[in-house]
Amino acid sequence: MPSWIGAVILPLSGLLLSLPAGADVKARSCGEVRQAYGAKGFSLADIPYQEIAGEHLRICPQEYTCCTTEMEDKLSQQSKLEFENLVEETSHFVRTTFVSRHKKFDEFFRELLENAEKSLNDMFVRTYGMLYMQNSEVFQDLFTELKRYYTGGNVNLEEMLNDFWARLLERMFQLINPQYHFSEDYLECVSKYTDQLKPFGDVPRKLKIQVTRAFIAARTFVQGLTVGREVANRVSKVSPTPGCIRALMKMLYCPYCRGLPTVRPCNNYCLNVMKGCLANQADLDTEWNLFIDAMLLVAERLEGPFNIESVMDPIDVKISEAIMNMQENSMQVSAKVFQGCGQPKPAPALRSARSAPENFNTRFRPYNPEERPTTAAGTSLDRLVTDIKEKLKLSKKVWSALPYTICKDESVTAGTSNEEECWNGHSKARYLPEIMNDGLTNQINNPEVDVDITRPDTFIRQQIMALRVMTNKLKNAYNGNDVNFQDTSDESSGSGSGSGCMDDVCPTEFEFVTTEAPAVDPDRREVDSSAAHLSHSLLSACLLCIVLALQRLCR
């Protein structure tokens, strides 16, 4: 046989082998593809009745095909939309978890504060009558500031609580000494003795510790739920790269072009495509898991020593206990104030005729349990936090698991049991390449998606940073240290509310520091975590000098 005949036969045999099986020279019908294409809502005017040569195709194999250029373009856009919807649907659980739990916790906390304020108001009206109503703004301001702190206001809890007790002392000092007239300057002098004389006993110190650590934990926790919600919402809205869109089209709709509309992608093939398309999302996982762990730690504090419900429910009882203590020690307190601030001027005759017992002789009468407001938001903090903890645990590793969750969907892949009867990107056969590991750097050799591993997604990196910042705040809150959520450059980091570990064994996971204020007597100790402020230190030193001078005078 002449050599030129062999040279012609070999290319012809190759061409015949490239034709669809059983097609001979006659092209196969595109009827099945037309039906599937029309079911997607596309116009059948774009699709041929029989296979045509595929040299025009830019993504799918350039063999005999049922796809025109218009079809390939439309199916590429369709694959992009379906991918975006898949990611959004797959992350639906984590998004709704943070949205619904944030709403529930916020609702619970606000109602808890409202119930506590109402309970105190009702109790004090019954117990102290007009005396309370004439001075009720002192207590209203306390709850206003607590609410403002919770909603992210720039409130220093310790300073605010100190101010509350100082104002209360001023008002009560006038009530127990109605025979005198007190100027504004004199009352300011009186308020300076709140810490030294301890007119309210140990209640302010204990309440300060309980309120600061509980509010710090609660506010930081709800802020954490907000950050989790925002990150989940943002990350679930993906913008696939051109390389990803090509890979999605090849995986989802090139079977249409090959006349195989019912054949689904192989599971491992799907995993490589999804790992390439969601490489940056997978990189979020490490910081996300640390964030969830920190949220769980603060949740444990809320269930235990930092339980806001156990602090706010009896706050009316505790404040009334402090008032009772002031009543019982009114004579000693007055005498020491008169020594330090000077003898006040007598009041007009009409006012001085009234004695202290006639003005302020009421004693506290506690409510019966059934008189207390109902539990906030129809639940208890323990039940609420337990529910949130369970959901948080389920949301760990959610971003690196996205490819696996998507590729398990029966509407997406042929599943793991059909490894021979699935689309492998070229034909209906087993998918042979190995599965890539998670994350951007591991996609350097991804056989399906062209990924530039030198250019991390800026948007995803922003979410990683947001999680990192929130995790640090949660760690601080776990130790009872206050966190400033506002970007105020003129303030020191953390507004200084106390560590809150005085009455409990402090954790060892994270480091924190407490500072003792100068002692007035050997038995007195006070938490002062804002000692870093120079002005506060100077004030403490001045007050100490005044007290020491008074002690010498008393001798």
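The chain is numbered in sequence order, starting from 1. Just so it is clear, the structure is predicted and the values come from calculations on it, not from any experiment.
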(request) Go through the steps to decide whether L113 and F215 satisfy the test side chain to side chain contact (heavy atoms under 4.5 Å, CB included), and finish with yes or no. (result) CA-CA 11 Å; L113 288 180; F215 268 77; 3.5 Å; yes
(message) My understanding is that only one of K397, K396, K475, K393 makes a salt bridge (charged side-chain N to carboxylate O under 4.0 Å, His left out) with D293; could you say which?
(response) K396
(message) Within this structure, what is the OG-CZ distance for the pair S395 and R95, rounded to the nearest 0.5 Å?
(response) 13.5 Å
(message) Parallel, tilted or perpendicular, judged at 30° and 60°: which one describes the rings of F338 and Y186?
(response) tilted
(request) Quick one: pull up NZ in K192 and SG in C341 and give me the separation to the nearest 0.5 Å. (result) 8.0 Å
(request) Could you go through the side chain to side chain contact (heavy atoms under 4.5 Å, CB included) check for I323 and I319 one step at a time? (result) CA-CA 6 Å; I323 292 172; I319 294 175; 4.3 Å; yes
(message) Under a 4.0 Å threshold between the charged nitrogen and the carboxylate oxygen, would D387 count as salt-bridged to R383?
(response) no
(message) Counting C-beta onward and ignoring hydrogens, is there a side-chain heavy-atom pair between F93 and V398 closer than 4.5 Å?
(response) no
(message) Looking at every non-hydrogen atom in both residues, tell me the closest pair between V298 and A217 and how far apart they are.
(response) CG1-O, 3.7 Å
(message) Looking at N121 and E117, would you say the former's side chain and the latter's main chain have a donor-acceptor pair under 3.5 Å?
(response) no
(request) May I ask you to decide if A477's main-chain N or O and N481's side chain share a donor-acceptor pair within less than 3.5 Å? (result) no
(message) Please report the interatomic distance CH2(W165) to NZ(K208), rounded to the nearest 0.5 Å.
(response) 11.0 Å
(request) Please report the C-alpha distance between Y150 and L112 in whole Å, then the side-chain angles of each, then the deciding distance to 0.1 Å, and finally whether the side chain to side chain contact (heavy atoms under 4.5 Å, CB included) criterion is met. (result) CA-CA 12 Å; Y150 168 71; L112 182 67; over 6 Å; no
(request) Taking only Lys NZ, Arg NE, NH1 and NH2, and the carboxylate oxygens of Asp or Glu, determine whether E170 and R167 approach each other closer than 4.0 Å. (result) no
(message) Below 30° counts as parallel, above 60° as perpendicular, anything between as tilted: where do the rings of F105 and F108 land?
(response) tilted
(request) Decide whether a cation-pi geometry holds between R234 and F459; the criteria are a distance under 6.0 Å from NZ or CZ to the six-membered ring centre and an angle within 45° of the ring axis. (result) no
(message) Test your reading of the model: is there a side-chain donor-acceptor pair from N329 to the backbone of Q332, 3.5 Å cut-off?
(response) no
(request) Give a yes or no on whether the backbone of E309 and the side-chain of N307 come within a donor-acceptor separation of less than 3.5 Å. (result) yes
(message) Check this for me, if you would: do E287 and R461 make a salt bridge, where the nitrogen-to-carboxylate-oxygen distance has to be below 4.0 angstrom?
(response) no
(message) Restricting to side chain to side chain contact (heavy atoms under 4.5 Å, CB included), what partner residues turn up for K389, sequence neighbours left out?
(response) L296, A299, E300, E303, V385
(message) Does the structure place the NZ or CZ of R213 under 6.0 Å from the centre of the six-membered ring of F306, at an angle of no more than 45° from the ring's axis?
(response) no
(message) For the backbone of Q327 and the side chain of S330, can you confirm whether one donor and one acceptor N or O come within less than 3.5 Å of each other?
(response) yes
(message) Let me confirm one number: the CH2-CG distance from W288 to D283, rounded to the nearest 0.5 Å.
(response) 15.5 Å
(request) Output yes when D122 and K118 qualify as a salt bridge under the 4.0 Å nitrogen-oxygen rule, no when they do not. (result) yes
(request) Write down the atom of L169, the atom of V190, and the distance for their closest heavy-atom approach. (result) CD2-O, 3.5 Å
(request) Please name the pair of heavy atoms, one in S191 and one in A166, separated by the smallest distance, quoted to 0.1 Å. (result) CB-CB, 3.8 Å
(message) Can you tell me how far apart CG (D316) and NZ (K318) are? Round to the nearest 0.5 Å.
(response) 10.0 Å
(request) Check whether any side-chain heavy atom of D141 sits under 4.5 Å from a side-chain heavy atom of D163, and report yes or no. (result) no
(message) What's the separation between atom CG in N280 and atom CG in D457, rounded to the nearest 0.5 Å?
(response) 4.5 Å
(request) State, with a plain yes or no, whether a side-chain heavy atom of L197 is found less than 4.5 Å away from one of V337. (result) yes
(message) Using side-chain heavy atoms (C-beta onward) and a distance below 4.5 Å, is L402 in contact with L86?
(response) no
(message) Test your reading of the model: is there a side-chain donor-acceptor pair from T151 to the backbone of R148, 3.5 Å cut-off?
(response) yes
